[in-house]
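Remarks on the structure that follows.
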Number of protein chains: 4
Amino acid sequence: MHRGNRHGRSEQARLAVLHAADDLLVENGFARLTVEGIAQRAGVAKQTIYRWWPSKTDILFEAFVTDAAEEITPPDTGDLTRDLITYLGALARFLTASDAGAVFRALTAESQHDPALAARLRQEHWTGQRVRDRQLLQRAVERGDLPAMADLDTIVDRLVGPLYYRALVTGQEITTEFVTELVRATIDAK
Amino acid sequence: MHRGNRHGRSEQARLAVLHAADDLLVENGFARLTVEGIAQRAGVAKQTIYRWWPSKTDILFEAFVTDAAEEITPPDTGDLTRDLITYLGALARFLTASDAGAVFRALTAESQHDPALAARLRQEHWTGQRVRDRQLLQRAVERGDLPAMADLDTIVDRLVGPLYYRALVTGQEITTEFVTELVRATIDAK
Amino acid sequence: MHRGNRHGRSEQARLAVLHAADDLLVENGFARLTVEGIAQRAGVAKQTIYRWWPSKTDILFEAFVTDAAEEITPPDTGDLTRDLITYLGALARFLTASDAGAVFRALTAESQHDPALAARLRQEHWTGQRVRDRQLLQRAVERGDLPAMADLDTIVDRLVGPLYYRALVTGQEITTEFVTELVRATIDAK
Amino acid sequence: MHRGNRHGRSEQARLAVLHAADDLLVENGFARLTVEGIAQRAGVAKQTIYRWWPSKTDILFEAFVTDAAEEITPPDTGDLTRDLITYLGALARFLTASDAGAVFRALTAESQHDPALAARLRQEHWTGQRVRDRQLLQRAVERGDLPAMADLDTIVDRLVGPLYYRALVTGQEITTEFVTELVRATIDAK
DNA sequence: TTATAAGCGAGACGGTACGTCACGTCTTCAT
DNA sequence: ATGAAGACGTGACGTACCGTCTCGCTTATAA
């Protein structure tokens, strides 16, 4: 329960802040998310927040990293097409319908205005996420389901790119048909 | 510079505001863009801004719509592959390296936090943009360069989605090879 | 109602702040007097206070100068002893029992910690007050009730000094007998 | 430096706090005197201060009582006029030019805002100080240098009052001539 | 000669108020 | 009627200290 400093930081306060930030984001949206509001909701002093987090996006970041990243880990059943359809469906649901996805969207949006946040997202999220995304294809290559010379990075982008695009950029709906056709056209036709 | 009169709104003030907003966004980023700053830079009263624009994103929106949308109109030379590569290259440059693209990124980011802005972007930008994007493929269908039963909407998403994804979401570089491979895999292999 | 700047400062807000500061000082004491409290009581924005007054002592100062200084102007009936007893009695009451006196005590106390305030009190209060105090004696000299060579400044200090001393320093009571004896010993015995 | 034990408080810490408070008051003034600052300067934990002193004025009070009160004990050579002039000169120096006097002025100022401190000053300082001040006159009465019926309390106030008034209230200079004239007029003319 | 407990340095905590920034509204005056 | 100027009420910012609260270390007795 204690660490680092002599007797250290309150884990209770830390978790209260993360949950309060999460809740308030989902309830009111990022525009109305204030450090004072988080402090009040968490029953914590504002100074305690500023002591440990440089800004409110850092709070969201920690909340995101803590409990959200594994929501979008691809499955591995050995059936590439089925795995992809499952995964992209879960990804669509994460991006458009989950609380963790709301945090992700807010962070991605803010990273357009904040290069430091953008860098942190790249280093602490995308590095790992791209590895996880590739693995699905890598295993298919190893099984012989995909040609060995395929540029896996580009294939990953061709699979997930259209989903992020619809969810974050144009706001179009992501239907089952769209996902199915996307996977079929990208993989099967190869 | 005083232009108060009884014959309607000052075009001079309008343009000064749009350019000031544009410049300040590019110079300082969205986070430091304030209505007061725009007013000062434009040599205009704050009230004049609030009289004509509900919020600072509306200023950016007008600046974007006014002089930016045509930057990303697809060409039409009759050679589908070449046109697509040209277009996607221009799109990548727009998204990552142009002033108008900076405004677009800021608006897209804010639209994550602001449903009204999201709706306005859909109605006043994406509706037209998707039509323009489809036309390129539609003409290819008419020429017989693409099969008639193709789901053009999905193909559009498969072409531009990965670009927006890299530019706005992961921040990865968009190389010529990436664009070429993307077009080849999406169109030629069909 | 308007002055200086183009259309200017709100007299209503100014008075509300002065009265709120006065009231809160008397009710709660200086230690609990906060700018936020004054703003709330006055129904005024904190920024409005900071726009016009550098600190809360400046508010009190303005309240003091505005409506308090003339409470301690010496009378002039031609009877020196009687005038002095009347005046010193009023002064004692001002110092120990009046709202204006509470403001004066607070300002004098703060001036011990704040050289700028001390200088302002000297220039804007004591300069005039000492002139008023001397006039009483000066007129007595002119009437021949006091010897012409008397050092009036020192006599003023010998008369009012013990009162301020008791009221502000030791907190002793100031009785009628004390005042009478003080005047008798200082003036009559001369 | 650790001095924890089971037999009471650390004299070292106590003195470090008193000296730190004294020094910081003289260096920065009362307004910038904080418990945290004292703790840091003294190399002592904040809690150690709060364990032994209810507030920062109590620290100053202890510093004042410890090493300052005897600076203003009247002399006794048998020559009343000379003793008074000596004493009032020392008092003036104490009030306007000594470090102990700075502490005294700060405490007196704060006592305007803090009735508990005012009461403590009366009981622990003024009670004794007034006795010491009277004694000078009392001995003169016993020697026959002053009439037996004189109201010694009032005479004390008439002698020291004008000095405190100038030093603490109006900020006027206290010259040798002023002191001499004050004593002459109060004592000799009697 | 060991254990025990008081005093200590350290510093995190919930708070209050600070002084600043920008918001969006308003009123005035000049054009 | 419009625009430039700018004061206003509002609300959040990030900081400074407040006074309280553990924590783990040091040390002088008392078992």
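- Under 4.0 angstrom from either OP1 or OP2 of E:dG7 there lies no side-chain N or O belonging to D:Trp52.
- Under the rule for a side chain to side chain contact (heavy atoms under 4.5 Å, CB included), the partners of B:Asp99 that lie at least two apart in sequence or sit in another chain are B:Val26.
- A cation-pi contact links D:Lys56 to D:Phe30, judged by a cut-off of 6.0 Å to the six-membered ring centre and 45° from its axis.
- The side-chain heavy atoms of B:Glu62 and B:Trp53, taken from C-beta on, include a pair separated by under 4.5 Å.
- In this entry the distance linking NZ of D:Lys56 with C1' of F:dA16 reads 12 Å, nearest Å.
- Rounded to whole angstrom, the span from the CD1 atom of C:Ile49 across to the P atom of E:dT20 amounts to 13 Å.
- Set against F:dC8, F:dG9, E:dC13, the side chain of C:Ala45 has F:dG9 as its closest nucleotide.
- Checked against F:dC8, E:dC21, E:dG9, the side chain of C:Gln47 finds its nearest nucleotide in E:dC21.
- A salt bridge is defined here as a Lys NZ or Arg NE, NH1 or NH2 lying under 4.0 Å from an Asp or Glu carboxylate O, and C:Arg41 with C:Glu27 meets this definition.
- One can place CD of C:Gln40 at 10 Å from P of F:dT10, the figure rounded to the nearest angstrom.
- The separation between A:Gln12 atom CD and F:dT22 atom P is 12 Å, rounded to whole Å.
- Atom P of nucleotide F:dC18 and atom CD1 of D:Ile38 are separated by 8 Å, given to the nearest angstrom.
- A straight line from CZ of C:Arg51 to P of F:dT10 spans 13 Å, rounded to a whole angstrom.
- The NZ-P distance, from D:Lys46 to F:dC23, rounds to 18 Å in whole Å.
- For D:Arg9, counting side-chain heavy atoms from C-beta on, the closest listed nucleotide (E:dG7, E:dC23, F:dC8) is E:dG7.
- Nearest nucleotide to the A:Glu36 side chain, out of E:dA22, E:dC26, F:dA12: F:dA12.
- In terms of phosphate contacts, C:Thr48 brings no side-chain nitrogen or oxygen within less than 4.0 Å of OP1 or OP2 of F:dA7.
- Here the side chain of C:Ser111 pairs no donor or acceptor atom with the backbone of C:Asp114 at under 3.5 angstrom.
- Going from atom OH of A:Tyr50 over to atom P of F:dA12 covers 11 Å, rounded to whole Å.
- Along DNA chain E, the nucleotide nearest B:Ser55 and the nucleotide nearest D:Arg14 are compared for position; the residue whose nucleotide lies closer to the 5' end is D:Arg14.
- When each of A:Gly43 and B:Gly37 is assigned the nucleotide of DNA chain E bearing its nearest heavy atom, the one mapping closer to the 5' terminus is A:Gly43.
- Of the candidate nucleotides F:dA7, F:dC18, F:dC13, F:dC18 has the atom nearest to the side chain of D:Val35.
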